[in-house]
Structures are given as structure tokens and as C-alpha cells.
Amino acid sequence: QVQLVESGGGLVQPGGSLRLSCAVSGSFFSINAMGWYRQAPGKQRELVAQITSFGNTNYADSVKGRFTISRDNAKNTVYLQMNSLSPEDTAVYYCNAETKDRSFSRAMTLTWGQGTQVTVSS
């Protein structure tokens, strides 16, 4: 049983900034990769950014240079700092996390948050 709780979404003007947070709780042995995805109405869910347990990051071309993903392992939390926002960034943002089960098999589980709405409009 793993839960992801997101916060930080809201309304922001074009050119503004917003920071999303996602805290992982529940029963797990460890957290591996964590990431942020987004989905706009009528479009497929797309990868925004991801970060490994080693701190390596990967970004979608559309957000590279504007968004920064980071994680606080002590707090089991992943963040997404979003700068220079434009209306094209409007979407529901979802976080996810890969966790290892507390078992000898160390099975992997992918868990998603409920999503948080980000609206960029003047």
C-alpha cells in the first residue's frame, strides 16, 4: 500500500512560476525513480520530467530549461519547479513513483498520484 499526495497546483499568469510537491507514504522498502507527467483535455498523458535514485534527470523537450525536478529522499518527496509558464503548460499534472516492496522478492510497484490542476491564463 503506497500513496502519493500532490500539492501546489493552481492558477498562474503567463510567465509566472509554480512549484509542485508530491509526498510518498505507505509501506515500501525503497523508492527508485520518480517522475511528473501531464495530461491536457483530448491529449495523451506525456512525460514531463523524471529523476532516478542517483539524481539523474530527464526532461521533455518542451519543458527543458524551464522546469526543474528534484527530490528529498529524507522526506520521500519529489518536486517540480516550473518557471516561464505558458498557456500550453495548462494540464493536470500527475506524479508517480517506483517502489520496491517490503518482501524478499523486492517486487516493483508503480503508483500514481490523483493529479493536480495547473492553469496558465491571464
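The structure displayed is predicted, hence computed values, not measured ones. All values below come from the heavy atoms of this structure, side chains included, with hydrogens, waters and symmetry mates left out.
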Item to complete: Output the distance between atom CG (Asn56) and atom CD1 (Ile69), rounded to the nearest 0.5 Å.
Response: 12.0 Å

Worksheet item: Any side-chain heavy atom of Leu80 within less than 4.5 Å of one from Phe67?
Response: yes

Practice prompt. Verify whether the ring centers belonging to Tyr37 and Trp112 lie closer than 6.0 Å.
Written response: yes

Worksheet item: Do Val12 and Val92 belong to the same hydrophobic cluster, where Ile, Leu, Val, Met, Phe, Trp and Tyr are linked whenever their side-chain heavy atoms lie under 4.5 Å apart, directly or via other members?
Response: no

Fill in: Cluster overlap Tyr94 with Val78, hydrophobic side-chain contacts below 4.5 Å
no

Worksheet item: Short question: side chain of Thr90, backbone of Val120 - any donor-acceptor pair under 3.5 Å?
Response: yes

Worksheet item: Can you list the steps and then say if Cys22 with Trp36 is a side chain to side chain contact (heavy atoms under 4.5 Å, CB included)?
Response: CA-CA 9 Å; Cys22 177; Trp36 288 95; 3.7 Å; yes

Response to the item:
In this structure, CD1 of Ile51 is separated from OG of Ser70 (nearest 0.5 Å) by 6.5 Å

Worksheet item: Between Asn96 and Thr111, does any side-chain donor sit less than 3.5 Å from a side-chain acceptor?
Response: no

Pairs of donor and acceptor atoms involving the side chains of residues 40-50, under 3.5 Å and at least two apart or interchain, shall be tabulated with distances.
{"from": "Glu46", "atom 1": "OE2", "to": "Arg38", "atom 2": "NE", "distance (Å)": "2.8"}
{"from": "Glu46", "atom 1": "OE2", "to": "Arg38", "atom 2": "NH2", "distance (Å)": "3.4"}

Fill in: Distance (rounded to the nearest 0.5 Å) between Lys100 NZ and Ser30 OG
5.0 Å

Worksheet entry | Check: Val118 and Met82 side chains under 4.5 Å, non-hydrogen atoms | yes

Worksheet item: Is NZ or CZ of Arg19 both nearer than 6.0 Å to the six-membered ring centre of Tyr79 and within 45° of the ring axis?
Response: yes

Worksheet item: Under 3.5 Å, is there a donor-acceptor pair between the Asn32 and Ser53 side chains?
Response: no

Worksheet item: Is a side-chain donor-acceptor pair under 3.5 Å present for Ser121 with Thr119?
Response: no

Item to complete: Decide if atom CD of Gln3 counts as having more than 12 heavy atoms of other residues, nucleotides or ligands within a radius under 6.0 Å.
Response: yes

Worksheet entry | Minimum heavy-atom distance Arg102-Ser27, with the two atoms named | CD-OG, 3.2 Å

Worksheet item: Any side-chain heavy-atom pair from Arg71 and Asn76 closer than 4.5 angstrom?
Response: no

Discussion item. Could you tell me if the side chain of Val24 sits less than 4.5 Å from the side chain of Met34, heavy atoms only?
Written reply: yes

Worksheet item: About how many Å separate OG1 of Thr52 and CG of Asn58, when rounded to the nearest 0.5 Å?
Response: 10.0 Å

Discussion item. Rounded at 0.5 Å granularity, tell me how far CD in Gln13 sits from OG in Ser122.
Written reply: 7.0 Å

Worksheet item: Just how far is it from atom NZ of Lys75 to atom OG of Ser25, taken to the nearest 0.5 Å?
Response: 15.0 Å

Worksheet item: Thr109 versus Asp101: any side-chain heavy-atom pair under 4.5 Å?
Response: yes

Item to complete: Could you give me the CA-CA distance, side-chain angles and deciding distance for Thr77 and Asp72, then say whether side-chain hydrogen bond (donor to acceptor under 3.5 Å, both in side chains) is met?
Response: CA-CA 5 Å; Thr77 300; Asp72 187 333; over 6 Å; no

Worksheet item: side chain to side chain contact (heavy atoms under 4.5 Å, CB included) between Asp89 and Arg66: does it pass, once the steps are laid out?
Response: CA-CA 11 Å; Asp89 296 314; Arg66 299 187 298 121; 2.9 Å; yes

Worksheet entry | For the student: nearest non-hydrogen atoms of Ser17 and Asn83, plus distance | OG-OD1, 2.9 Å

